[in-house]
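All values derive from a computational prediction rather than experimental measurement. Chain A is the first sequence line, chain B the second, and so forth, proteins listed ahead of strands; every chain is numbered from 1.
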2 protein chains.
Amino acid sequence: MAHDKEPFPAHLNSRWLHYFSQALDAGSIRTASDRLDVEPSVISRQIRQLEQALGVTLVERHGRGVRATEAGGILLDFYRERDVAEQTLLGQLAELDGLQRGHISLAISEGYSDRLMSGVMNDFCARHPQLTVEMNLANVNDVVRQVYEGQAHIGIAYAPRLTPGIESVVSVHQPLCAIVHPGHPLTRLPQPLALDATLEWPLGLVGHGYGIRQLIDAAAIISKRHFHASLVSNSLATLKQYVSSGDGVTFIGRVALLHELRRGQLVALEIDHPVFQEAEAHVIVRRQRPLSPAAKQLLREIVDLWPFGERERVDW
Amino acid sequence: MAHDKEPFPAHLNSRWLHYFSQALDAGSIRTASDRLDVEPSVISRQIRQLEQALGVTLVERHGRGVRATEAGGILLDFYRERDVAEQTLLGQLAELDGLQRGHISLAISEGYSDRLMSGVMNDFCARHPQLTVEMNLANVNDVVRQVYEGQAHIGIAYAPRLTPGIESVVSVHQPLCAIVHPGHPLTRLPQPLALDATLEWPLGLVGHGYGIRQLIDAAAIISKRHFHASLVSNSLATLKQYVSSGDGVTFIGRVALLHELRRGQLVALEIDHPVFQEAEAHVIVRRQRPLSPAAKQLLREIVDLWPFGERERVDW
DNA sequence: GGTTAGTGTTGCTTAAAAAGCAACATCCGA
DNA sequence: TCGGATGTTGCTTTTTAAGCAACACTAACC
């Protein structure tokens, strides 16, 4: 290139503008240098650099102090506006730090939303009205995927596939239970139920690839049994309807159908099998993802006020 | 101070923001470093400095590239807006450099405005419609003062007091003439007129302190004559009226009353005296004042198309 | 499951920019 | 005319940014 310097550079050095504005505010370079506690030569040089970078004369070096030229006035106005915009930005960031602003996205497994809502979210949202909280209901796999891909900050899932990249913040034992309608013959057997007893009834199961299904498959392998699914669905609602309208059996954690249990529409029977007992619900986040202050706070409250049973393990 | 760093600094370093935005645009620090042809460590460090200065995490260091956190997104939006504002500013400055915008203030002695208007200003204003040209008519002293105080960029004055701090860009001989009405007895005397001849008639003069008056006083001293002013006024219009309605005489440069001369309302008689012949009109500016490009261009055109007589001296 | 190319990061050195210092030229008012 | 004050210029020292190489780690790939 023939010229190293473009007539107008891509960016204005903030230091240049600072000294420039200070000098013009003070009226002279020397008084500005006194205020800023720097040498006058520094300010003089920086202003000159700014002028050279812009290719325009900005100040009149007027024996008694400095005054802005027309271009200097324009630049000064620009800098003023830019400064208030910057202050506004800093305010926004401060608000974000003080939970005044922000957006939190939750991905929640089926069955956890209402407990979460009544236990934590109502209070949290009331205390932070400026915050936008998005609750995205999804099946277990989607919860994990959304958290992994960053679409959701926090995920709540029952028996999620804990891949690397997904970090479990808190988990709780929530045994996988056999779900049947209240009048089902299984309810009359001694509790906890033997696994084999359930296999005599038609099964409704979630599809392969789901955490629950993996547990069930694992139990089948360990117990050397074969589980034949009469119905496969990725919707818990479908499975609930399935068992409530017939003598079928499905396996779901208790918290996923607290409503139905409380109303007596369904009953949950614990199963005497280690794999089923080991089932856990997890609050998950993306590994090493820096959460926004708001998300961090909500996560903290979810863990503290954990509404899904006794806390089992907390990585905090 | 306990803490050297405030939670939110007064100013955002432009370099930080630049690297920050580039890295996020590129999706990874390394690709950004390739584009900008700098080391990745530089970008990494600058972003970290920005984060520390703000006290907020801005990017997710995500094994495969970087992504913006919520705060980072806000900052990024801010920077985008700031960048377009900056480009707009640079455009304004460029326009100003191309005479597209700007404000020029002229201070003009009585009598010069119409010649200037028809000779230069009409054309200039037509060619630069975005330009604002302010023509401030004033008496000679005020012209000098306005130029000196920076209220006017360019001054045009007849026989101004050339103090230090005022620089004459171009000057032209414009003999100070005796002004009388067409039927005045002086018009029948041989030309150029002897100075003594004029003294026999009542005189109308400008006040002391005016350049014209200084010339007249100087002539009086050299010629060992005493000039008694029957009328003293700081307004040329008054003096014109004075001589046109009686047999009085005044001393004014020819160009200041071209209208009246052309219409035959007044006549200008040259005077055979070196001081009167030496009278000059000047185009003046503030010494060492950096004129805006627009003002500079107008000044150049005024000098080039000089409409007030033959150019005598040009300091260009 | 190990491998591998790619990412961001960290010590260290080198280059560049800013700041400090003293002296200077200039302007302005008394 | 003088004296205080202003902006400026060489020069040095200090601070900051940039370059370089090696590292730790992730994520995809065979």
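- Following rounding to the nearest Å, B/Asn13 (CG) and D/dT15 (P) show an atom-to-atom distance of 18 Å.
- By the 4.0 Å N-to-carboxylate-O rule, A/Glu167 lies too far from A/Arg289 to be salt-bridged with it.
- Regarding contacts with the backbone of D/dT8, a side-chain N or O of A/Arg61 is found under 4.0 angstrom from either OP1 or OP2.
- In this structure, B/Ile29 places its CD1 atom 13 Å from C1' of C/dG6, rounding to the nearest Å.
- Nearest-nucleotide positions on DNA chain D place A/Arg64 closer to the 5' end than the other of A/Arg64 and B/Arg15.
- Remark: A/Gln49 is in phosphate contact with C/dA18, judged by side-chain N or O atoms under 4.0 Å from OP1 or OP2.
- Ring planes of A/Tyr79 and B/His11: parallel class, angle under 30° (limits at 30 and 60°).
- In this model, the phosphate group of C/dT26 is not approached by any side-chain N or O of B/Arg287 to a distance below 4.0 Å at OP1 or OP2.
- Comparing C/dA18, D/dT26, C/dC21 against the side chain of A/Glu39 picks out C/dC21 as the nearest.
- Counting non-hydrogen atoms of neighbouring residues, nucleotides and ligands closer than 6.0 angstrom, the CD atom of B/Glu134 exceeds 12 such neighbours.
- Side-chain N/O atoms of B/Glu60 and B/His62 include no donor and acceptor closer than 3.5 Å.
- A/Arg286 comes within 4.0 angstrom of sugar-phosphate atoms only, judged by non-hydrogen atoms across all strands, and of no base.
- Taking only side-chain nitrogens and oxygens, A/Tyr19 comes nearer than 4.0 Å to OP1 or OP2 of C/dA19.
- Regarding A/Glu167, its CD atom lies at a distance of 15 Å from the P atom of D/dC25, rounded to whole Å.
- Using a cut-off of 4.0 Å between Lys/Arg side-chain N and Asp/Glu carboxylate O, B/Arg80 and B/Asp83 are scored as not salt-bridged.
- One can place NE2 of A/His18 at 15 Å from C1' of C/dA18, the figure rounded to the nearest angstrom.
- Taking atom CG on B/Leu36 and atom P on D/dG19, their separation rounds to 11 Å, with Å as the unit.
- When distances are taken from the side chain of B/Arg48 to each of C/dT10, D/dT6, C/dT7, the shortest belongs to C/dT10.
- For A/Val38, whose side chain is taken as the heavy atoms from C-beta onward, the closest listed nucleotide among C/dG20, C/dC28, D/dG19 is C/dG20.
- Here the P atom of nucleotide D/dG7 and the CZ atom of A/Phe20 are 14 Å apart, to the nearest Å.
- Side-chain atoms of A/Ser28 lie closest to D/dG7 of the nucleotides D/dA28, D/dG7, C/dC28.
- Note: CD1 (A/Ile166) to C1' (D/dA27) measures 14 Å, nearest angstrom.
- Residue A/Ser41 is classed as a base contact, given a heavy-atom separation below 4.0 Å to a base.
- Residue B/Ser44 places at least one side-chain N or O under 4.0 Å from the OP1 or OP2 atom of C/dT9.
- Counting distance only, with no hydrogens placed and no angle test, the side-chain atoms of A/Arg45 and the base atoms of D/dG7 include no donor-acceptor pair under 3.5 Å.
- Atom CZ of B/Arg67 and atom P of D/dA27 are 12 Å apart (whole Å).
- The side chain of A/Gln46 contributes an N or O atom lying less than 4.0 Å from OP1 or OP2 of C/dA19.
- For B/Arg30 against C/dG6, a side-chain-to-base donor-acceptor contact under 3.5 Å is absent.
- Take the nearest nucleotide of DNA chain C for B/Pro40 and for A/Asp37: the residue whose nucleotide is more 5' is B/Pro40.
- A salt bridge does not link A/Asp34 to A/Arg30: none of the charged side-chain nitrogens sits closer than 4.0 Å to a carboxylate oxygen.
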